[in-house]
Every structure is written in C-alpha cells, then in structure tokens.
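Since the structure comes first, as structure tokens, the remarks are kept for the end.
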Amino acid sequence: EPYRMLTSRAEHRLVLRHDNADERLTPLGREIGLVTDERYAAFERRVALLQNERERLNETRLSPAEANRRHLTVGATLAELLRRPDVAYSDVADVLAPELGERVEIAVKYEGYIQRQTAAVERMEKLETVAIPPQFGFDRCPGLSREAKEKLVAQRPQTLGQASRIPGVTPADVAVLSVFIHREEMNASAAVHG
C-alpha cells in the first residue's frame with residue numbers, strides 16, 4: 001500500500017489508517033480464500049468487541065455531578081467526554097486492551113470526519129461511471145487549471161473516475177468537469193426534446 005510511504009499523498013488518510021487495516025482488508029482476504037476460518041472468527045470477535053464498546057460509550061451517561069465538573073451538559077455520554085482532546089480512552093474506561101482502546105478512541109474522536117470522508121469515497125465511486133464524451137473539449141472549461149487541461153487533453157480519460165486518477169488533476173478539477181459534463185448532457189437532452 002503506497003500510502004504508507006507517502007501518507008501526505010493519501011487522499012483519504014482518516015479511512016486508510018494502519019490501525020484499521022485488518023477491518024478493511026480481512027474481508028477481502030476472506031473473499032479470495034486467504035483468511036482461514038479460525039482467523040476470520042477471531043477477526044469477527046474483535047470487530048464485535050470494538051462495536052460493542054463504541055455503543056456502550058455512546059449509551060453510558062455521566063452522572064450530573066461528573067458532567068458539571070467536566071463542563072458538559074447533564075446527560076452527556078462517555079463518548080462525548082472522550083471526544084475532548086485532553087481525554088483518552090484510558091481516562092473513561094479500561095474494558096479493552098490498550099491497542100483496541102486506542103482504536104475505539106480514534107473512532108469516537110474522529111467519527112464525524114470519518115463519516116464525511118466515507119461519503120466522499122462513495123461520491124468518488126459514483127464518478128467511476130460518469131462517462132466523458134469522446135470529443136469533450138477540456139479547453140472550453142474555464143475553471144480547470146492549465147496543468148489539468150494539458151493532462152486531460154493528452155490522456156483523454158473515458159470517465160470522471162479515470163480523470164481523477166491522473167496526476168495533476170485535482171478534486172476541484174474533477175468537480176468542474178462534472179458540472180460541464182452535466183451541463184452538456186442537459187443541453188443535449190433539451191435539444192432532442194425541444
């Protein structure tokens with residue numbers, strides 16, 4: 001996985017962490033027959049343990065005195081307390097081994113960011129199927145950077161997904177392309193129907 005060497009270039013750093021590699025790759029390994037039944041059962045137990053602990057933290061409420069002492073609203077949960085930068089998993093619980101506790105802490109603290117990044121990944125997957133017309137004029141897109149125009153004209157990608165993987169083509173460039181392609185489709189549809 002090249003992103004391990006060049007982490008600043010990994011597009012989805014929060015999702016592609018080293019500590020969750022087993023959650024991302026074990027199911028794939030299982031599908032192609034590389035993961036034994038015993039190892040997969042241990043993986044499933046670990047995933048269930050992590051999920052149960054996250055649920056427990058989300059459901060366990062602080063006492064009113066503890067919430068007031070921590071300057072949280074009455075009824076705040078252990079997860080809300082854990083989201084604070086100065087609070088570690090070991091400060092709120094000792095149910096899991098340190099490595100698993102750290103994974104739960106990361107999942108809780110960065111939950112909102114991870115959800116946004118997961119949504120971005122899903123949007124990018126949808127772009128894989130958006131076709132770029134063969135004679136599309138990249139030079140007619142004023143929002144594209146000069147470098148992106150040059151690379152797109154030279155490589156002529158067939159889909160927005162392919163365009164997004166060209167070095168020098170930024171997510172902003174892909175967004176601009178998406179708008180122009182959609183606009184051309186709307187104009188072509190209007191011309192046919194109108």
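For Y40, the OH atom sits in a packed shell: over 12 heavy atoms of surrounding residues, nucleotides or ligands are nearer than 6.0 Å. Within a 6.0 Å radius of CD in Q158, no more than 12 heavy atoms belonging to other residues, nucleotides or ligands are found. Remark: E184 CD is packed, more than 12 non-hydrogen atoms of other residues, nucleotides or ligands lying under 6.0 Å away. In F43, the CZ atom is crowded: over 12 heavy atoms of neighbouring residues, nucleotides or ligands sit closer than 6.0 Å. Within 6.0 Å of CZ in R61 there are more than 12 heavy atoms belonging to other residues, nucleotides or ligands.
Hydrophobic clustering keeps V179 apart from V174 (ILVMFWY residues linked when any side-chain heavy atoms are closer than 4.5 Å, directly or through intermediates). Note on L50: it clusters hydrophobically with L82, by side-chain heavy-atom contacts below 4.5 Å among ILVMFWY residues. Placement of I106 and V121 in two distinct hydrophobic clusters is found when ILVMFWY residues are connected by side-chain heavy-atom separations under 4.5 Å, directly or transitively. Under the 4.5 Å side-chain heavy-atom criterion for grouping Ile, Leu, Val, Met, Phe, Trp and Tyr, L127 is connected to I181 within one hydrophobic cluster. Linking Ile, Leu, Val, Met, Phe, Trp and Tyr residues whenever their side-chain heavy atoms come within less than 4.5 Å leaves I114 and L100 in two separate clusters.
Once rounded to the nearest 0.5 Å, the distance linking CZ of F138 with CZ of R156 reads 4.5 Å. In this structure, the separation between CG on L78 and CZ on R54 is 15.0 Å, given to the nearest 0.5 Å. In this structure, the separation between CG on L177 and SG on C141 is 5.5 Å, given to the nearest 0.5 Å. Here the CD-CG distance, from E105 to L96, works out to 11.5 Å after rounding to the nearest 0.5 Å. In this structure, the separation between OG on S178 and CD1 on I132 is 9.5 Å, given to the nearest 0.5 Å. Considering CG of L81 and OG1 of T60, their distance stands at 11.5 Å, rounded to 0.5 Å.
Across every non-hydrogen atom of L152 and A163, the tightest pair is CD2-CB, 3.8 Å. I166 and P157 get closest at one heavy-atom pair: CD1-CG, 4.0 Å. In this structure, N68 and V74 approach most closely via the heavy-atom pair OD1-CG2, 4.1 Å. Across F180 and R140, no two heavy atoms sit closer than the pair CE2-O, 4.0 Å.
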Candidate pair V47 and E44, rule side-chain contact (heavy atoms from CB on, under 4.5 Å), full reasoning: CA-CA 5 Å; V47 168; E44 286 181 319; 5.8 Å; no
Could you go step by step and tell me if E59 and T77 meet the side-chain contact (heavy atoms from CB on, under 4.5 Å) rule? CA-CA 6 Å; E59 294 168 1; T77 64; over 6 Å; no
Would D37 and R30 count as a salt bridge (charged side-chain N to carboxylate O under 4.0 Å, His left out) if you check the C-alpha gap in whole Å, the side-chain angles of each, and the deciding distance to 0.1 Å? CA-CA 9 Å; D37 291 342; R30 177 70 172 180; 2.8 Å; yes
Salt bridge (charged side-chain N to carboxylate O under 4.0 Å, His left out) assessment of R70 paired with E66: CA-CA 6 Å; R70 299 271 191 172; E66 180 65 13; 2.9 Å; yes
Yes or no on side-chain contact (heavy atoms from CB on, under 4.5 Å) for Y89 and D94, after CA distance, side-chain angles and deciding distance? CA-CA 8 Å; Y89 175 78; D94 62 353; 5.9 Å; no
E128 and R123: CA distance, side-chain angles, deciding distance, salt bridge (charged side-chain N to carboxylate O under 4.0 Å, His left out) verdict: CA-CA 9 Å; E128 289 296 325; R123 283 191 304 274; over 6 Å; no
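With sequence neighbours excluded, no residue forms a salt bridge (Lys or Arg N to Asp or Glu O under 4.0 Å) with E80.
In this structure, the side chain of N58 does not engage the main chain of E55 through any donor-acceptor pair within 3.5 Å. A donor-acceptor distance shorter than 3.5 angstrom exists from the side chain of N52 to the backbone of A48, with no hydrogens or angles considered. Judged by distance alone, with hydrogens and angles left aside, the side-chain atoms of K151 form a donor-acceptor pair with the main-chain N or O of P167 at under 3.5 Å.
Classification of R46 and D22 as a salt-bridged pair holds, one side-chain N sitting under 4.0 Å from a carboxylate O. Contact check on E53 versus R56 returns a salt bridge, with a Lys/Arg side-chain nitrogen under 4.0 Å from an Asp/Glu carboxylate oxygen. Taking the charged nitrogens against the carboxylate oxygens, K126 and E122 have no contact shorter than 4.0 Å, which rules out a salt bridge. A salt bridge does not link R116 with E111: none of the charged nitrogens is closer than 4.0 Å to a carboxylate oxygen. Between R103 and E23, at least one side-chain nitrogen of the basic residue sits less than 4.0 Å from a carboxylate oxygen of the acidic one, meeting the salt-bridge criterion. Look at R84 and D86 and you find no salt bridge, because none of the NZ, NE, NH1 or NH2 atoms lies under 4.0 Å from a carboxylate O.
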